[in-house]
Amino acid sequence: MSYDKSNIFAKILRGEIPCDRVYEDDWALAFRDIEPQAPVHVLVIPKGPYASSDDFAARATGEEIIGFFRAVGRVARDLGVVGSGYRILSNCGPDAHQEVMHFHVHIFAGKDLGRMIKPVDK
Ligand code: 5GP
C-alpha cells in the first residue's frame with residue numbers, strides 16, 4: 001500500500017489542520033480523537049509516512065519503531081491511566097475498518113472497556 005500524503009493525519013502533522021495535542025517528540029504526535037469512543041481516547045501517530053501498522057512494521061527503522069512505542073507508553077503514563085488500565089488498538093485494512101491511511105494507535109481508557117472483541121460467530 002503506497003502512502004497518500006493528503007490523508008487527514010498527514011495534514012495534522014504538517015499543521016494544516018488543528019488537533020488537540022497531548023504529546024509530541026521527534027518520533028510521534030499524540031492528540032485526542034475527534035469522535036471519542038471512551039472517556040479517554042487518544043491517537044498516537046508516527047512522524048514518518050507509513051500507511052498502516054503493516055507498512056510501519058515492514059519499512060520503519062528500528063529507531064522509529066522504538067521511538068514510536070516509547071511515545072505510546074509515555075502518553076499513557078502522562079494521561080494517568082496506567083494504574084486503572086488502558087487498551088491500545090490499531091486497525092489495519094478493510095476488515096478492521098481502518099479509516100485514515102496513516103498508521104495510528106488508539107489509546108482507550110477511563111472506564112471498564114469490557115472484553116476485547118465479541119466471540120466469533122459460529
Ligand atoms: P481508524 O478507523 O482509521 O482506526 O480510526 C481513525 C480515527 O481517526 C477515528 O477514531 C476518527 O474519529 C479519528 N479522526 C478522523 N478524522 C479526525 C480528525 O480530523 N481529527 C481527529 N482528532 N481525529 C480524527
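Ligands are counted one by one from 1 in listed order, and the atoms in each one are counted from 1 as well.
- Protein heavy atom closest to atom 19 (O) of ligand 1, with residue, atom name and distance, is Ile8 CG1, 3.6 Å.
- Here the heavy atom of the protein found nearest to atom 23 (N) of ligand 1 is Ile34 N, 3.3 Å.
- Contacts with ligand 1 closer than 4.0 Å are made by side-chain heavy atoms of Phe9 only, the backbone lying farther away.
- For ligand 1, the atoms closer than 4.0 angstrom to any heavy atom of Glu35 are 12 (O).
- Within the structure, every pair that satisfies the side chain to side chain donor-acceptor pair (under 3.5 Å) test and touches residues 75-97, not counting sequence neighbours, is listed here: Arg74-Asp78.
- Within a 6.0 Å radius of CD in Glu16, more than 12 heavy atoms belonging to other residues, nucleotides or ligands are found.
- Checked by distance only, ligand 1 and Arg32 come closer than 3.5 Å through their nitrogen or oxygen atoms.
- In this structure a side-chain-to-backbone donor-acceptor pair under 3.5 Å is present from Arg14 to Lys5.
- Taking every non-hydrogen atom of His106 and a distance limit under 4.0 Å, the qualifying atoms of ligand 1 come out as 1 (P), 4 (O), 5 (O), 7 (C), 10 (O).
- Side-chain contact of Asp54 with Ser52: a donor-acceptor pair under 3.5 Å is absent, judged by distance alone.
- With ligand atoms numbered from 1 in the order given, ligand 1 contributes 1 (P), 3 (O), 4 (O), 5 (O), 6 (C) to contacts under 4.0 Å with heavy atoms of His104.
- Among protein heavy atoms, atom 10 (O) of ligand 1 sits closest to Asp33 OD2, 2.5 Å.
- Taking a cut-off of under 4.0 Å to the non-hydrogen atoms of Gln98, the atoms of ligand 1 that pass are 2 (O), 3 (O).
- Following chains of ILVMFWY side-chain contacts shorter than 4.5 Å, one cannot reach Tyr3 starting from Ile17, and the two form parts of different hydrophobic clusters.
- Counting only heavy atoms of the protein, atom 2 (O) of ligand 1 lies nearest to His97 O, 3.0 Å.
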> Stepwise, does the ring pair (Phe, Tyr, Trp, His ring centres under 6.0 Å) test hold for Tyr50 with Phe9?
Replying inline: CA-CA 11 Å; Tyr50 301 103; Phe9 292 172; over 10 Å; no
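- Residue Ile107 forms a side chain to side chain contact (heavy atoms under 4.5 Å, CB included) with just one option from Val72, Asp33, Leu89, Val22, and that option is Val72.
- Of all the atoms in ligand 1, the ones that sit under 4.0 Å from a non-hydrogen atom of Asn91 are 1 (P), 2 (O), 4 (O).
- Between the side chain of His104 and the backbone N or O of Ala30 there is no donor-acceptor pair closer than 3.5 Å.
- Under the 3.5 Å distance criterion, the side-chain polar atoms of Gln98 are left unmatched by any main-chain donor or acceptor of Phe103.
- Contact atoms of ligand 1 toward Val100: 3 (O), 6 (C) (distance under 4.0 Å to a heavy atom of the residue).
- With a heavy-atom cut-off of 4.0 Å, Leu43 touches ligand 1 through its side chain alone.
- At the top of the distance list for atom 3 (O) of ligand 1, counting protein heavy atoms only, stands Glu99 N, 2.7 Å.
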